[in-house]
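These notes are about the structure you will find just below.
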Amino acid sequence: MEHELRQHKLTIFTVFHEQALIASAQLVPCRKQNGKHRAEIEKLLVHPEAQRQGLATKLMEAVKQYALTQHIKLL
């Protein structure tokens, strides 16, 4: 995973509460030449004790906003 992060093949979004990781999502751009406008959201995770607080929705909004800045239109 570290290799993918360094080569910008993966972007990780995180939510921390009191220095504890409680939610995360991964955005993986399409690697095909004709797929630069596409990406996949992988591993959207929320700690069981933090569920039902809207964190997944907030993470998805952050991922979508970031994707738009990268000219990614299809998730």
Hey, what else clusters with Leu68 if you join Ile, Leu, Val, Met, Phe, Trp, Tyr whenever side-chain heavy atoms sit under 4.5 Å?
none
Between Val63 and Leu21, is there shared hydrophobic-cluster membership here, with clusters defined by ILVMFWY side-chain heavy atoms closer than 4.5 Å?
no
If you define the side chain from C-beta out and look only at heavy atoms, does anything of Gln26 sit under 4.5 Å from Ile41?
no
Rounded distance (nearest 0.5 Å) linking atom CD of Glu42 with atom CG of Leu27
9.0 Å
Taking only residues at least two apart or on different chains, which pairs with a member in residues 16-36 satisfy ring-ring contact (aromatic ring centres under 6.0 Å, His included)?
none
Quick one: are Ile22 and Val46 in side-chain contact, heavy atoms under 4.5 Å?
no
For the residue pair Leu59 and Leu44, establish whether any side-chain heavy-atom pair is separated by less than 4.5 Å.
yes
Count the heavy atoms of every other residue, nucleotide or ligand shown that sit under 6.0 Å from CD of Gln53, and state whether that count exceeds 12.
yes
If you measure from CD on Glu40 to SG on Cys30, what distance do you get to the nearest 0.5 Å?
7.5 Å
List the residues meeting salt bridge (Lys or Arg N to Asp or Glu O under 4.0 Å) with Lys58, not counting sequence neighbours, and say none if there are none.
none
Hydrophobic cluster (4.5 angstrom, side-chain heavy atoms) - remaining members for Leu45:
none
Residues at least two apart in sequence or cross-chain that pass salt bridge (Lys or Arg N to Asp or Glu O under 4.0 Å) with Glu61, listed by chain then number, are Lys64
So Ile72 and Arg38, do their side chains get closer than 4.5 Å, heavy atoms only?
no
Consider only side-chain heavy atoms of I, L, V, M, F, W and Y, link residues closer than 4.5 Å, and tell whether Val28 and Ile12 are in one cluster.
yes
For residues 43-75, pull every pair meeting ring-ring contact (aromatic ring centres under 6.0 Å, His included), keeping only residues two or more places apart or in separate chains.
Phe13-Tyr66
